[in-house]
Structures are given as C-alpha cells and as structure tokens.
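We count residues from 1, following the sequence as given. All of these numbers come straight from a predicted model, not from anything done at the bench.
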Amino acid sequence: MGANGSGKSTLAKTLCNLNTFSGKILLDGKEVERYSAKERAKKIAYIPTKLDLYDTFLTVKEFVLLGRFAHKESFFDYTETDRALAHDAIELFGLKHLADQTLHSLSSGESALVLIAQALTQQSQIIIFDEPTANLDPKNAKIIAQHIKELKQTHTIVLITHDLHLAAFIDNPVLFLKNRSAHYFQNDFFTDENLSRLYDVSIRSLEVVYD
C-alpha cells in the first residue's frame, strides 16, 4: 500500500523481473533474474490492473489456456491436462457462458475474472494482484475480493491496492511505501492513528464491507 507514485506497481513488476533493478531479489533462494522466463512463470504470476493485449480477438478460453504456456513443450500443442485445467478455472470463476466470446467484448468485471482464471491455470506459487478492483463497481469489487481471499488458502498472495476496505478484508501483513521508505506491519496496520499518519489525512473507524 502507499500513495500514488510511491512505487507499488514498480515494486510488483520488479519482483517478476519485468524491470531492471539494483540489488538482489531471491525467489526460493535463487536470484529472480537467473530463472528462465518459463521457470519464473511457474513460480510467480503478475495480474495487471486491466486486460491490455495486442490481440483482443482471442476468446476467453484461448486466453485462459495461455496460462499453460510455461508448462507446454516447445513445438507441441497443449495437452488434455492443460485444457482441463483451463476449463476448470473458467468454470470456477463462473465464466463458462463467456468461454467463446472475444476479450474485447468483456466488461471490466469480466476481464478481471478472466485475468485471475489465467493466473490460476498457470499454477504459479505466488500471485501478484496490481489494483484488482480499480474501476470496478461495488458488486464486482466484492466478487474479486472474495476470490482473492479464497486464493490465500492455496497461494502466496501479494496485493497492491488503494482500497483500505479490500486490504482489511484480505487481512495480510502490510508493507506501506512512503517517501522512499518501507514500513512493515504484521497485524497492527489498521488503526486510526497509523492510517492518519501514513496518509496525512484524518481517518476514523475503518470498517470492512466485503463480508
């Protein structure tokens, strides 16, 4: 968490080796840049704020299946296991009725679910969500929040968000970025005193509304 421009998205992309950086980032004890792209994809998945592709005429089922690319043998087609995993993810997120629709026809809420379905199909250990509820209406934001919280049971989740209610609902430790410094909170972030001090604005009685 942190204010606009504090470096949250930059940090997330850097963790995936999508940005150049100094220092070291270790993933399972190995420097992240020493992984091949396919090896890294098996470890970590990055979900951007919005679906932004060159080919928006891919269908939902084609796009979700691309999550298996890191597991696919070069020059071979996807296996039945790959297709079954993609099919299961599409069903899990209630997207079966959209499977043959093209990506450009989807709403913001549907696009957000498709991105998560692809990440789940990828079977990465870590999933990074970059402001997953940005530009979503309250109903779709609630659906996404509930899915993210459920994924905590099976994955390591990194969540970037401005939404205090979402962050409180997900209930992770918080790393707050401010003025080129990082402040870590294990379980005591959501107090009026902390929030007011870190955001430089008076905040009182935050309540979780996603339940």
Side-chain angles (χ1 to χ4, degrees), residues 1-55 63-64 66-72 108 111-136 141 144-145 147-149 151-152 154-164 166-187 189-190 194-195 197-200:
M1 302 191 74
N4 291 330
S6 60
K8 301 183 302 299
S9 293
T10 298
L11 175 59
K13 292 176 182 178
T14 302
L15 292 174
C16 303
N17 202 43
L18 298 176
N19 292 328
T20 57
F21 61 93
S22 59
K24 290 184 179 181
I25 298 175
L26 300 179
L27 182 59
D28 287 341
K30 179 179 175 180
E31 292 182 29
V32 68
E33 64 267 32
R34 294 181 60 191
Y35 287 92
S36 70
K38 281 192 170 184
E39 288 175 335
R40 194 163 51 247
K42 293 176 183 178
K43 295 282 186 180
I44 189 167
Y46 172 73
I47 300 180
T49 303
K50 63 178 181 178
L51 190 60
D52 191 10
L53 295 169
Y54 293 107
D55 186 359
F63 179 74
V64 173
L66 283 174
R68 298 300 301 167
F69 184 79
H71 301 268
K72 186 172 77 71
S108 296
S111 296
L113 288 172
V114 168
L115 282 167
I116 300 174
Q118 190 198 67
L120 197 63
T121 303
Q122 190 171 317
Q123 290 190 315
S124 305
Q125 298 170 340
I126 304 165
I127 302 178
I128 299 179
F129 292 88
D130 194 347
E131 299 191 37
T133 57
N135 305 315
L136 295 186
I144 296 298
H147 280 304
I148 294 173
K149 191 159 188 177
L151 286 171
K152 280 182 59 178
T154 52
H155 296 73
T156 297
I157 299 298
V158 178
L159 171 67
I160 298 169
T161 183
H162 286 292
D163 188 336
L164 291 170
L166 172 61
F169 177 70
I170 299 303
D171 191 28
N172 272 357
V174 173
L175 185 72
F176 193 92
L177 304 183
K178 183 177 183 180
N179 299 330
R180 296 181 177 271
S181 296
H183 307 267
Y184 180 74
F185 299 85
Q186 179 65 37
N187 52 24
F189 176 74
F190 294 99
N194 279 339
L195 296 176
R197 173 174 56 84
L198 292 167
Y199 283 104
D200 298 318

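The shortest heavy-atom contact between Ala145 and Phe169 is O-CE2, 3.5 Å. Shortest non-hydrogen contact noted between Phe63 and Gln118 is O-NE2, 2.8 Å. Of all non-hydrogen atoms in Tyr184 and Pro173, the two that sit nearest each other are OH-CB, 3.3 Å. Pairing each heavy atom of Ile144 with each of Ala112, the nearest pair is CD1-CB, 3.8 Å. The minimum heavy-atom distance linking Tyr199 with Gly2 is given by the pair OH-N, 4.2 Å.
Note that the SG atom of Cys16 and the CG atom of Asp130 stand 9.5 Å from one another [nearest 0.5 Å]. A distance of 7.0 Å separates OG1 in Thr154 from CD1 in Ile127, rounded to the nearest 0.5 Å. Separating the CD1 atom in Ile44 from the NZ atom in Lys42 is a distance of 15.5 Å, to the nearest 0.5 Å. Here CG of Asn135 is found 8.5 Å from OG1 of Thr49. Values are rounded to the nearest 0.5 Å. The CD atom of Glu131 sits 11.0 Å away from the CG atom of Leu136 when rounded to the nearest 0.5 Å.
Between Arg68 and Gln123, some side-chain heavy-atom pair lies under the 4.5 Å cut-off. At a threshold of 4.5 Å between non-hydrogen side-chain atoms, the residues Leu120 and Leu151 count as touching.
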For residues 19-33, please give each side-chain donor-acceptor pair under 3.5 Å, one per line with the distance, not counting sequence neighbours.
| from | atom 1 | to | atom 2 | distance (Å) |
| --- | --- | --- | --- | --- |
| Asn19 | ND2 | Thr10 | O | 3.3 |
| Asn19 | ND2 | Thr14 | OG1 | 3.4 |
| Asp28 | OD2 | Lys43 | NZ | 2.6 |

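Applying the side-chain contact (heavy atoms from CB on, under 4.5 Å) test to Ala182 and every residue at least two apart in sequence or in another chain returns Leu175, Leu177. Judged as a salt bridge (charged side-chain N to carboxylate O under 4.0 Å, His left out), and not counting sequence neighbours, Arg40 has no contacts. The side chain to side chain donor-acceptor pair (under 3.5 Å) search around Asp171 returns none, not counting sequence neighbours. For Tyr35, there are no side chain to side chain donor-acceptor pair (under 3.5 Å) partners, not counting sequence neighbours. Applying the salt bridge (charged side-chain N to carboxylate O under 4.0 Å, His left out) rule to Lys72 yields no partners; only residues at least two apart in sequence or on another chain are considered. Under the rule for a side-chain contact (heavy atoms from CB on, under 4.5 Å), the partners of Ala117 that lie at least two apart in sequence or sit in another chain are Val64, Ala89, Phe93, Leu95. Among residues two or more places apart in sequence or in another chain, the side chain to side chain donor-acceptor pair (under 3.5 Å) test is passed with Lys38 by none. Contacts of Asn172 classified as side-chain contact (heavy atoms from CB on, under 4.5 Å), with partners at least two apart in sequence or in another chain: Lys152, Ile157, Ile170. Residues meeting the side-chain contact (heavy atoms from CB on, under 4.5 Å) test with Thr156, sequence neighbours left out: Ile126. With sequence neighbours excluded, the residues satisfying side chain to side chain donor-acceptor pair (under 3.5 Å) with Gln122 are Ser124.
Contacts classified as salt bridge (Lys or Arg N to Asp or Glu O under 4.0 Å) and involving residues 12-23 (residues at least two apart or in different chains) are not found.
Within a 6.0 Å radius of CZ in Arg34, other residues, nucleotides and ligands contribute 12 heavy atoms or fewer. Crowding of Phe69 atom CZ: a count of heavy atoms from other residues, nucleotides or ligands under 6.0 Å not exceeding 12.
When each of Thr161, Ile116, Leu115 is checked for a side-chain contact (heavy atoms from CB on, under 4.5 Å) with Phe129, only Ile116 meets the rule.
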Pair Tyr46-Leu15, side-chain contact (heavy atoms from CB on, under 4.5 Å): steps then yes or no: CA-CA 9 Å; Tyr46 172 73; Leu15 292 174; over 6 Å; no
